[in-house]
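Counting starts at 1 for both ligands and their atoms, in listed order.
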Amino acid sequence: MEGKGKVNGVAAMAACYQGFDPAAYLQYNYTPPRADFERKDSIVPWKLACLHRAFTEGDVRGELLVDIGSGPTLYQVLSGCEVFNKVLLTDFLEVNRQELRGWLEDEGGCNLDWTPYLQHVCKLEGRRPSAWTEKAAKLRQVITDIVPVDVHRPQPLALDALPSEGADCLVSCFCLESVSPDLAAFTRALGHIGRLLRTGGHLLLIGALGESYYFGGPGVRIPVVPLNEAQVCASLKESGYTLIRLEVYTLPQDMRVGVDDVSGVFFVKAIKE
Ligand SMILES: C[S@@+](CC[C@H](N)C(=O)[O-])C[C@H]1O[C@@H](n2cnc3c(N)ncnc32)[C@H](O)[C@@H]1O
Ligand SMILES: O=S(=O)(c1ccc2c(c1)CN[C@@H](CF)C2)N1CCSCC1
């Protein structure tokens, strides 16, 4: 029964994603008030600072960075693209892979202007904000491919997507808890992506706390497995990671804008044993 339940839960999640709308999702989450660079308590500066620090404090190194469940967003690799020569973006949906290709091809075919994000990360790096064009060029240079992924498969990527030694670093934001029917599936997915990572490689995981649903488009209500910090830590340990750092951000009331019921965001830096 458990096995049957497992397949139905994952299949049901995949069905929910058929209505996902990249443009709407970007508008809900990556424009003000949630993405307000002027606000000191905005979540954007907090998240970009977590990623900047994690990529630049000296222990994260190697050739290949893989972003699991990229969706239509790029903020998660804006610091990492200065550290790794190769960045692989991945998503379950072709509509999201197409959105990312639109940005990559730089012909106006994408639904969000990432300039403010590029400028903010340049500021974190001590560069002038106008260096954002150089950062954009760097990111376009290091992105090697945009490929399908399914974290519920023991092999989430095609066998030829990675070198035999695996990735040196994984980043994944708001993916695992948003695609898993329950905590057990979330933990299994953590283990599956861990198999893509070399021993001693780093996992940078960002996710929602206390979230039970979000809208992936108009009327597209997607269930989320509600997590607390203790569950995140226990799942990491169970999946073969050693936690280096966990940071938590509590969403101000006015950022609770009805597109989800998230109460907080966690940032994890961990190492694969
Ligand atoms: C909430 S979005 C996160 C997008 C982006 N990483 C961000 O930070 O906003 C969840 C993403 O997971 C993808 N997804 C859905 N099912 C998946 C699966 N089985 N395996 C991997 N990714 C999946 C969706 O297509 C979507 O892009
Ligand atoms: O943390 S956010 O507010 C954010 C960003 C994305 C998401 C959520 C929250 C909560 N629901 C998730 C559903 F999976 C998606 N944020 C939006 C502005 S830029 C940094 C990320």
Does ligand 1 come near enough to Ser70 that some N or O of the ligand is less than 3.5 Å from an N or O of the residue? yes
Counting each atom of ligand 2 from 1 as listed, which ones have a heavy atom of Val265 under 4.0 Å away? 1 (O)
Within the distance-only criterion (no hydrogens, no angle test), does the side chain of Arg195 pair as donor or acceptor with the backbone N or O of Gln155 below 3.5 angstrom? no
Tyr75 heavy atoms, cut-off 4.0 Å: which ligand 1 atoms fall inside? 7 (C), 8 (O)
Ligand 2 atoms nearer than 4.0 angstrom to some heavy atom of Ser178 are 13 (C), 14 (F)
Donor-acceptor contact present, side-chain Thr73 to main-chain Ser70, <3.5 Å: yes
Note: Glu107-Arg101 ion pair, threshold 4.0 Å (strictly below): no
dist Lys138:NZ -> Leu78:CG (nearest 0.5 Å) comes out at 13.5 Å
Atoms in ligand 1 flagged as close to Val179, the criterion being non-hydrogen separation under 4.0 Å: 12 (O), 14 (N), 15 (C), 16 (N), 17 (C), 23 (C)
Would you compute the distance between atom CD of Glu63 and atom NZ of Lys86 and round it to the nearest 0.5 angstrom? 4.5 Å
Those atoms of ligand 2 less than 4.0 Å from some heavy atom in Val44: 18 (C), 19 (S)
Among all protein non-hydrogen atoms, which one is nearest to atom 19 (N) of ligand 1, and what is the separation to 0.1 Å? Asp150 OD1, 3.0 Å
Taking atom CD as the centre, does Glu38 end up with more than 12 heavy-atom neighbours from other residues, nucleotides or ligands that are less than 6.0 angstrom away? no
Before signing off on this row, confirm whether Cys173 and ligand 1 have an N or O atom pair separated by under 3.5 Å. yes
Counting non-hydrogen protein atoms only, what is the nearest one to atom 7 (C) of ligand 1? Give residue, atom name and distance. Tyr30 OH, 3.2 Å
Is NZ or CZ of Arg140 both nearer than 6.0 Å to the six-membered ring centre of Trp103 and within 45° of the ring axis? yes
Which is it for Val149 and ligand 1 at heavy atoms under 4.0 Å: side chain, backbone, both or neither? both
State whether the shortest distance between N or O atoms of Tyr17 and N or O atoms of ligand 1 falls below 3.5 angstrom. no
With heavy atoms and a 4.0 Å threshold, my read on which part of Asp91 contacts ligand 1 is side chain
How far is atom 11 (N) of ligand 2 from its nearest protein heavy atom, and which residue and atom is that? Glu211 OE2, 2.7 Å
N/O to N/O below 3.5 Å, does that happen between Tyr214 and ligand 1? no
Please determine whether salt bridge (charged side-chain N to carboxylate O under 4.0 Å, His left out) holds for the pair Arg256 and Asp261, giving the CA-CA distance in whole Å, both sets of side-chain angles, and the decisive distance to 0.1 Å. CA-CA 7 Å; Arg256 303 185 191 199; Asp261 62 348; over 6 Å; no
Under 4.0 Å between heavy atoms, the region of Val151 that gets near ligand 1 turns out to be both
Gap between atom CG of Leu205 and atom CZ of Phe266 - 0.5 Å precision: 4.5 Å
Using a 4.0 Å cutoff against the non-hydrogen atoms of Gly69, which atoms of ligand 1 qualify? 4 (C), 5 (C), 6 (N)
For Pro226, does its backbone N or O pair with a side-chain atom of Glu211 as donor and acceptor, under 3.5 Å? no
Considering heavy atoms of the protein only, find what lies nearest to atom 15 (C) of ligand 2 and give residue, atom and distance to 0.1 Å. Tyr25 OH, 3.3 Å
Answer side chain, backbone, both or neither: which part of Met13 comes under 4.0 Å from ligand 1, heavy atoms only. neither
Aromatic ring proximity, centroids under 6.0 angstrom, Tyr25 and Phe20: yes
Would you mind checking which non-hydrogen protein atom is closest to atom 10 (C) of ligand 1, with the distance to 0.1 Å? Phe174 O, 3.5 Å
Test item: Glu105 side-chain N/O and Gly102 main-chain N/O as donor-acceptor pair under 3.5 Å: no
Minimum-distance protein heavy atom relative to atom 23 (C) of ligand 1: Phe92 CB, 3.3 Å
Considering only protein heavy atoms, which is closest to atom 22 (N) of ligand 1, and at what distance to one decimal place? Cys175 SG, 3.5 Å
Heavy-atom proximity to atom 1 (O) of ligand 2 ranks first, among Thr31, Leu176, Leu48, Ile43, for Ile43
Give the residue and atom name of whichever protein heavy atom lies nearest to atom 18 (C) of ligand 2, and the separation in Å to one decimal. Asn29 O, 2.8 Å
Straight-line distance of Ile68 CD1 to Leu204 CG, nearest 0.5 Å: 12.0 Å
Please find out if less than 6.0 Å separates the ring center of Tyr213 from that of Phe215. yes
Is the shortest side-chain N to carboxylate O distance from Arg61 to Asp168 below 4.0 Å? no
Nearest-option assignment for atom 4 (C) of ligand 1, heavy atoms, candidates Tyr28, Phe20, Tyr25: Tyr25
For the atom pair NE2 (His52) and NE2 (His120), what is the distance rounded to the nearest 0.5 Å? 9.5 Å
Just which atoms of ligand 1 are under 4.0 Å from any heavy atom in Gly71? 4 (C), 27 (O)
Could you list the atoms of ligand 1 found under 4.0 angstrom from a heavy atom of His152? 19 (N)
Give me the nearest non-hydrogen protein atom to atom 4 (C) of ligand 2 as residue plus atom name, then the distance to 0.1 Å. Phe174 CZ, 3.6 Å
Please report whether ligand 1 has a polar contact with Pro72, defined as an N or O pair separated by less than 3.5 Å (distance criterion only). no
Please tell me whether Tyr249 and Phe267 form a close aromatic pair, meaning their ring centres lie under 6.0 Å apart. no
Would you call Lys47 and Glu247 a salt bridge, taking side-chain N to carboxylate O under 4.0 Å as the test? no
Ligand 2 atoms nearer than 4.0 angstrom to some heavy atom of Lys47 are 1 (O), 20 (C), 21 (C)
Taking only non-hydrogen atoms of Tyr249, do any sit less than 4.0 angstrom from ligand 2? no
Using a 4.0 Å cutoff against the non-hydrogen atoms of Leu93, which atoms of ligand 1 qualify? 25 (O)
